[in-house]
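To start, the structure under review is shown below, and the notes come after it.
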Amino acid sequence: MDIPYTSQPRPDTGIYNAKVGIWLFLASEVMLFGALFSTYILLRVGARPEDWPTGLLNVPIGTFNTAVLIASSVTVVMAWASLKMKQFNRFKLFQAITVLCALTFLGIKSFEYRDKFTHYEVWKTDGTRITGHLEGKPMFMTLEKVKAAGKESILFTPDLHHYSEGKKAMHERDHGDHKAVEIPVAQIKRLSAFVPAHSTYFAIYFTLTGLHALHVLGGAVVMAYLFGPGAKMWFTDPDRLTNRVEVSGLFWHFVDLVWIFLFPILYLL
Amino acid sequence: MQATTHTMPHAGVHEAHHEEQGFWRKYIFSTDHKVIGIQYGLTALVFLLFGFFLMMMMRWQIAHPGQPIPLVGWLLERVLGDVAAKGVMSPDLYNSFGAMHGTIMVFLAIVPLAFGAFGNYVVPLQIGAPDMAFPRVNMASYQAYVLGGIIMFVSFFIPGGAAQAGWTSYSPLATSIPTDGQTFWLVGMIFLITSSLLGAVNFIATIIQLRAPGMTWMRLPFFVWAQFVTGFLLLLAFPPLEAAGIMQLMDKVAGTSFFLPTGLAVGGELANISGGGSPLLWQHLFWFLGHPEVYVLILPAMGIVCEVIANNTRKPIWGYKSLVYSALCIGFLSFIVWAHHMYLTGMGTKVATFFQTTTMIISIPSVIILTCFFISLWGGSIRFNTPMLFCLAFLPMFGIGGLTGLPLGFAASDLHLHDTYYVIAHFHYVVAPGTIFALFAGIYYWFPKMTGRMMNEFWGRVHFWGSLIFMNVVFQPMFAQGMSGMIRRMADGGANYATATLQKQGVEVIGGLSDKMMNLHTMILWGAVFLALVQIPFIINVFWSIKHGKKVTSDNPWNATTLEWQTPTPPPHGNFAHAPTVHRGPYEYSVPGHSSDFIPQNETDKGSRQH
Amino acid sequence: MSDHTDDISKHVRGYMIVGGTLLIGTILTVLASYVDLGHEWNIVLALIIATAKASLVALFFMHLISERQMIYVVLAFTAFFLVGLMFLTIGAYADFPPLTTTR
Ligand code: HEM
Ligand SMILES: [Cu+2]
């Protein structure tokens with residue numbers, strides 16, 4: 001006896017197996033990201049407004065990445081529709097574009113991450129805080145490492161405004177000269193790049209986007225498989241291949257859908 | 001009673017799957033649900049025994065704090081070093097063992113046994129399916145489980161030892177302990193959660209999609225319903241814990257403050273963290289899984305009990321529909337009761353009222369299920385074989401466990417009982433003489449299907465009576481200890497708070513732990529030792545019976561109605577030669593006017609049966 | 001399940017339109033964030049737009065507009081439990097008795 005309903009729907013439920021499977025899986029994904037969104041809300045409500053960084057992420061880049069994901073969502077569904085219309089070559093084309101979109105997204109995202117790893121905040125002992133860049137653009141520098149290197153002071157190029165001053169300050173003052181200043185180590189209470197440990201904002205930012213990026217990566221691998229070796233199934237069991245493309249597409253749309261929420265709550269608000 | 005079953009010629013089955021599989025494909029990387037079920041079962045039993053040993057060593061330490069552990073103390077020192085210097089269990093080691101005992105028992109023993117093993121082996125057979133819907137996902141689920149288990153096991157031997165913050169791993173304690181045990185725990189948990197999620201997707205999809213023709217929802221054996229609900233519990237409750245696990249891992253390795261508050265001091269010094277996180281958030285996310293998880297532990301057990309009771313009373317189960325709807329209710333409600341584990345966190349009265357109410361409501365369907373089982377016994381001509389004995393014991397034992405949950409469900413009484421041995425007694429009554437008894441029953445009951453041989457009855461009875469007596473010797477005293485104020489998780493068993501100790505120090509005490517309560521530790525210790533001894537006949541029985549047990553004379557030695565007994569023994573790859581067609585409900589026993597006292601589900605009204 | 005080839009080509013047009021709408025929605029979100037409505041209202045507006053976009057994806061790309069009942073049931077329960085998780089947790093924080101400042 002072989003396993004039934006792998007390519008044809010079961011009459012009474014109207015669905016084939018893999019579709020039930022993927023929707024169940026997505027239900028669990030909803031709970032996974034839902035828990036993280038709940039965490040976001042609680043952390044944000046619990047934070048003092050001046051401790052919750054805003055405006056530190058690059059909005060044009062984020063917007064572009066959103067567009068990339070949306071475009072890939074269209075191509076994914078087009079790839080499936082092409083198979084339904086028995087146009088195998090068109091399917092290959094759309095599938096390839098999807099994979100490229102996924103890779104583009106990941107490339108841009110890693111660029112953004114790098115940018116954050118070299119951008120710093122300094123909490124001074126007098127209670128003031130400045131953000132900016134360290135000389136030589138090192139990544140992951142901390143006060144302990146500075147001290148361990150035996151340095152007396154750091155050379156710091158401050159940004160023209162601090163995020164706690166709000167968006168207005170950002171728009172008004174963001175154009176001007178940057179001048180490096182020297183800050184004695186003795187005056188520094190804490191030094192952190194915009195890494196997860198910086199604040200609860202960056203903690204949830206990196207966790208959410210990192211987990212999302214893993215999903216993108218996983219999706220890309222599956223899409224690439226269905227573009228490459230997996231596509232051979234077209235000549236043996238076309239219905240089943242079509243189902244596989246549909247199911248991987250459902251996963252892909254979900255990843256897109258998560259990003260649609262991530263973008264405003266992390267970049268814009 | 002007539003032997004109406006006969007062994008089918010299984011020629012057709014072998015034709016379909018001609019290619020003989022090699023050893024690795026057949027036993028290690030198998031995609032056959034039956035092999036995976038047995039793999040799950042054996043691995044889980046090993047972990048069950050291991051978790052039990054951890055507990056035995058802890059019980060020694062509790063009864064005789066600071067004294068070398070007999071027999072194995074030197075070994076501990078050899079393997080683990082200073083934490084067991086001179087064979088004495090240090091408090092750190094006690095904490096590790098405690099945390100890992102809970103983790104192993106819940107996530108590596110009972111759930112894999114109840115869901116992974118029995119679910120895998122029995123569900124596809126009972127619904128008349130050739131296999132699970134996604135056999136390779138099934139294999140991946142088992143592999144993720146093994147990996148998680150290995151990571152947990154290895155963590156005992158890393159510097160600093162295994163996790164020490166309890167199976168609940170509350171932050172900030174869990175992240176503040178400066179060893180890597182917690183990191184291993186979290187990574188291990190992520191594998192185990194992944195395994196459960198893959199399993200849950202597979203089970204639910206299988207039950208929805210692969211039911212044989214005629215197997216309508218209301219003809220499903222209750223065991224399948226129980227697994228179905230369990231699947232949903234795992235599917236939807238585990239992801240928030242996975243999220244929490246990822247966040248605690250970030251706290252641990254990336255220095256974030258998800259669960260660490262502003263101003264946290266560790267070891268007297270302000271921690272070097274951003275702060276701003278919330279320790280309570282961990283508790284919410286943990287118990288959002290934690291409570292449904294306890295129903296993951298009990299529902300499959302109820303499923304097994306139902307099958308065995310129906311079979312051995314030779315009567316239809318009383319109130320099949322009530323059982324099904326109760327299980328569904330439990331599944332639904334168990335998502336909205338979790339904060340009854342958190343009454344003492346400073347929760348406000350409005351929220352506490354909500355959770356007290358839902359907690360009281362959820363005990364109703366549990367009572368209904370138990371009542372249905374009790375009534376099912378009424379007027380039956382009961383066959384007292386080993387599986388049935390275990391199920392009969394399950395009923396009162398689970399009853400004690402469930403009823404003692406009620407005082408915990410009210411904030412007012414929980415104030416006194418929270419975090420005492422009373423809680424330990426409560427949940428062990430549900431899980432140990434409850435769930436584990438049902439699992440034993442399942443093993444004795446389905447063993448003939450898996451191997452073609454029966455287990456030995458006499459030693460089965462020895463195993464049963466011994467387990468029943470000593471389980472109670474171990475857990476009953478804990479109610480008293482807890483009510484007298486003995487807190488859980490103390491490495492010295494409360495010696496520091498004993499009236500005797502305090503008076504020796506010249507401290508005037510009210511409400512110290514009396515000698516009577518402290519002396520119960522000794523009784524519990526010996527109860528545990530004898531409990532261990534009576535498991536020996538069981539272990540030998542399992543292995544001995546594989547080769548030497550009494551051979552079954554038919555495919556259906558218990559004269560059962562459900563479909564797993566209508567296959568060849570043991571069922572071949574692919575299970576059935578043709579999809580069986582189902583014509584009736586699951587428990588048609590002693591139907592008046594029928595020639596035998598049971599009618600298999602695939603028998604037509606004319607009496608013919610297609611396999 | 002019974003979509004025929006010509007149905008599909010009709011759908012294809014729809015997919016394009018939805019894709020375009022999503023892009024417009026993205027631009028709207030960004031623009032809306034530059035309009036100062038007061039912090040709360042900015043959040044509300046952003047979430048409304050995001051929800052609308054997400055619904056488009058779910059309904060059309062994921063075919064939820066014409067799915068089988070089984071899937072609706074599963075998703076309805078999931079949504080319910082998610083709401084339970086979020087609101088009961090947040091509710092528990094909001095309901096701290098006075099004088100308790102621990103979080
Ligand atoms: C039938 C009604 C039940 C009620 C009203 C109930 C109630 C409770 C409550 C309120 C607590 C928290 C006690 C505290 O920490 O102060 C608790 C703990 C616990 N219950 Fe139950 N329970 C019930 C059934 C079950 C079942 C069926 C199981 C498992 C199969 C179970 C397993 C547990 C476990 C494992 C804990 C302790 C968790 C820990 O703190 O480590 N309970 N129960
Ligand atoms: Cu509970």
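Chain letters run A, B, ... following the sequence lines, proteins first, then strands; residues in each count from 1. Just so you know, these numbers use all the heavy atoms, side chains as well, and skip hydrogens, waters and symmetry mates.
The choice from A:L32, A:I22, A:V30 that makes the most heavy-atom pairs within less than 4.5 Å of chain B is A:L32.
Heavy-atom distances place the side chain of B:L285, and not its backbone, under 4.5 Å from chain A. Only the side chain of B:I246 comes within less than 4.5 Å of a heavy atom of chain A; its backbone N, CA, C and O stay farther away. Using a 4.5 Å cut-off between heavy atoms, A:D12 contacts chain B through its side chain alone, with no backbone atom that close. Residue contact with chain B, scored on non-hydrogen atoms closer than 4.5 Å, is absent for A:R48. For B:M247, the part lying near chain A is the side chain, with the backbone staying farther off; criterion is any non-hydrogen pair under 4.5 Å. Interface remark: A:S38 contributes no atoms to any contact with chain B (heavy atom separation under 4.5 Å). For A:A27, the parts lying under 4.5 angstrom from a heavy atom of chain B are both the backbone and the side chain.
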- Task: For the pair A:M31 and B:F288, evaluate side-chain contact (heavy atoms from CB on, under 4.5 Å) and give the outcome as yes or no after the intermediate values.
- Result: CA-CA 11 Å; A:M31 296 304 288; B:F288 186 81; 3.7 Å; yes
- Task: Given side-chain contact (heavy atoms from CB on, under 4.5 Å), test A:I3 with B:F134 step by step and report yes or no.
- Result: CA-CA 9 Å; A:I3 298 170; B:F134 314 111; over 6 Å; no
- Task: Apply side-chain contact (heavy atoms from CB on, under 4.5 Å) to B:F258 and A:I204, showing your working.
- Result: CA-CA 8 Å; B:F258 282 111; A:I204 193 76; 3.8 Å; yes
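Taking A:K109 as the reference, A:E112 meet the salt bridge (charged side-chain N to carboxylate O under 4.0 Å, His left out) condition, with sequence neighbours excluded. Judged as a ring pair (Phe, Tyr, Trp, His ring centres under 6.0 Å), and not counting sequence neighbours, the contacts of B:F259 are B:W282. When the salt bridge (charged side-chain N to carboxylate O under 4.0 Å, His left out) test is applied to A:D239, no partner is found at least two apart in sequence or on another chain.
Residue-environment remark: NZ (A:K189) stays at or below the threshold of 12 foreign heavy atoms within 6.0 Å. More than 12 heavy atoms of other residues, nucleotides or ligands shown are found within 6.0 angstrom of OH on A:Y40.
Using a 4.5 Å cut-off on side-chain heavy atoms (C-beta onward), A:R10 and B:R211 make contact. Contact annotation: the side chain of A:E144 approaches that of B:N272 to within less than 4.5 Å [non-hydrogen atoms, C-beta and beyond]. A 4.5 Å side-chain heavy-atom check between A:N17 and B:L210 finds at least one atom pair inside the cut-off. The shortest distance between side-chain heavy atoms of B:F232 and A:L24 falls below 4.5 Å. When side chains are defined from C-beta on, B:L281 counts as touching A:T39, because their heavy atoms get closer than 4.5 Å.
Residues of residues 193-205 of chain B having a heavy atom under 4.5 Å from any heavy atom of chain A, listed by number: B:L197, B:V201, B:I204, B:A205.
In terms of modelled atom types and a separation under 3.5 Å, the side chain of B:Q209 and the main chain of A:I15 share a donor-acceptor contact.
Closest approach of A:L36 and B:A243 over heavy atoms only: CG-CB, 3.9 Å. Taking each heavy atom of B:S274 and A:T200 in turn, the nearest pair found is OG-N, 4.1 Å. Scanning all heavy atoms of the two residues, the minimum distance from A:A35 to B:P240 falls at CB-CA, 3.7 Å.
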